[in-house]
Amino acid sequence: MVIKLLAEKIAVEYEKILKEKEIKIKLNDNQIKILVLEAKKYRELDIAEVLGIGVVTVKYHKRKIVEKLGVKNIKEAVAKAIKLNLIDMD
């Protein structure tokens, strides 16, 4: 009985740890800003102008965002970032 309760407790704690790791995605300031601007339907040229960086740099950040969030494209990245509360759309 004690072993069963201990196993259940370990399973619950392990699940919590996994969920915490999933949410701890490290995005830098520009990547967060790019996600917000993408969500607002800005074009790459406009994002570059707003942030004062080159279009190539915007593309680089977008690729890194997609990798970090483990999705296929920037649209999925925006959706996941909103779901995980990584960006605020207010």
Side-chain angles (χ1 to χ4, degrees):
M1 183 69 160
V2 172
I3 294 174
K4 184 178 179 182
L5 291 173
L6 185 57
E8 288 176 10
K9 176 76 172 164
I10 291 170
V12 169
E13 292 300 317
Y14 184 71
E15 188 175 327
K16 285 181 189 176
I17 291 169
L18 289 178
K19 285 182 181 177
E20 287 174 5
K21 283 185 179 181
E22 181 180 324
I23 294 174
K24 290 185 181 180
I25 297 168
K26 303 288 185 198
L27 297 174
N28 66 37
D29 289 340
N30 276 345
Q31 291 169 343
I32 291 170
K33 290 174 186 174
I34 288 169
L35 276 170
V36 170
L37 294 172
E38 278 286 334
K40 293 179 178 181
K41 308 286 189 215
Y42 278 57
R43 297 176 304 144
E44 287 178 345
L45 183 61
D46 297 327
I47 293 170
E49 189 174 302
V50 168
L51 297 180
I53 59 178
V55 175
V56 172
T57 306
V58 172
K59 290 177 189 245
Y60 170 81
H61 281 303
K62 285 172 64 173
R63 188 172 67 249
K64 288 299 181 183
I65 291 165
V66 168
E67 288 175 13
K68 288 179 179 183
L69 293 177
V71 294
K72 294 179 183 174
N73 56 51
I74 196 67
K75 289 182 181 183
E76 286 183 16
V78 169
K80 187 169 183 177
I82 291 169
K83 181 179 177 184
L84 295 174
N85 293 319
L86 297 175
I87 59 173
D88 185 18
M89 294 306 300
D90 292 332

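Only heavy atoms go into these numbers, but all of them, side chains included; no hydrogens, no water, no symmetry mates. Predicted model only: the values in this text are computed from it and were never measured.
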Query raised in the report: Is it true that Lys62 and Glu38 have a side-chain N and a carboxylate O under 4.0 angstrom from each other?
Result: yes
Query raised in the report: In this structure, are over 12 heavy atoms from other groups packed under 6.0 Å from Asp29 atom CG?
Result: no
Report summary line: To the nearest 0.5 Å, atom CD1 of Ile87 lies from atom CD1 of Ile82 at 4.5 Å
Query - Separation between CG of Leu37 and CG of Leu51, rounded to the nearest 0.5 Å - result: 5.5 Å
Report summary line: Between Val66 and Val71 the two heavy atoms that sit nearest each other are CG1-O, 3.0 Å
Report summary line: Heavy-atom nearest pair, Ala77 first then Leu69, reads O-CD1, 3.4 Å
Report task. Any chance you could measure Leu27, atom CG, to His61, atom NE2, to the nearest 0.5 Å? Result -> 11.0 Å
Requested in this report: Hey, could you give me the NZ/CG distance between Lys40 and Asp46, rounded to the nearest 0.5 Å?
Outcome: 13.0 Å
Query - Atom pair CD1 (Ile53) and CD (Glu44), whose distance is rounded to the nearest 0.5 Å - result: 10.0 Å
Query raised in the report: Looking only at heavy atoms, what is the nearest atom pair of Lys26 and Gln31, with distance?
Result: O-OE1, 4.3 Å
Query raised in the report: Would you say Val78 and Val50 are hydrophobically clustered, going by side-chain heavy atoms of ILVMFWY under 4.5 Å?
Result: yes
Query raised in the report: Can you name the closest pair of heavy atoms from Leu86 and Ile32 and give their distance?
Result: O-CG2, 4.3 Å
Report task. Would you indicate whether Lys68, at its atom NZ, is surrounded by more than 12 heavy atoms from other residues, nucleotides or ligands within a distance under 6.0 Å? Result -> yes
Query raised in the report: For Glu49, does the CD atom sit with more than 12 other heavy atoms under 6.0 Å from it, leaving out its own atoms?
Result: no
Report summary line: To the nearest 0.5 Å, atom NZ of Lys33 lies from atom OH of Tyr42 at 13.0 Å
**Report entry** Considering all heavy atoms, the nearest Ala48-Gly54 contact
**Finding:** CB-C, 3.8 Å
Query - ILVMFWY network linking Leu84 to Ile34, side-chain heavy atoms under 4.5 angstrom - result: yes
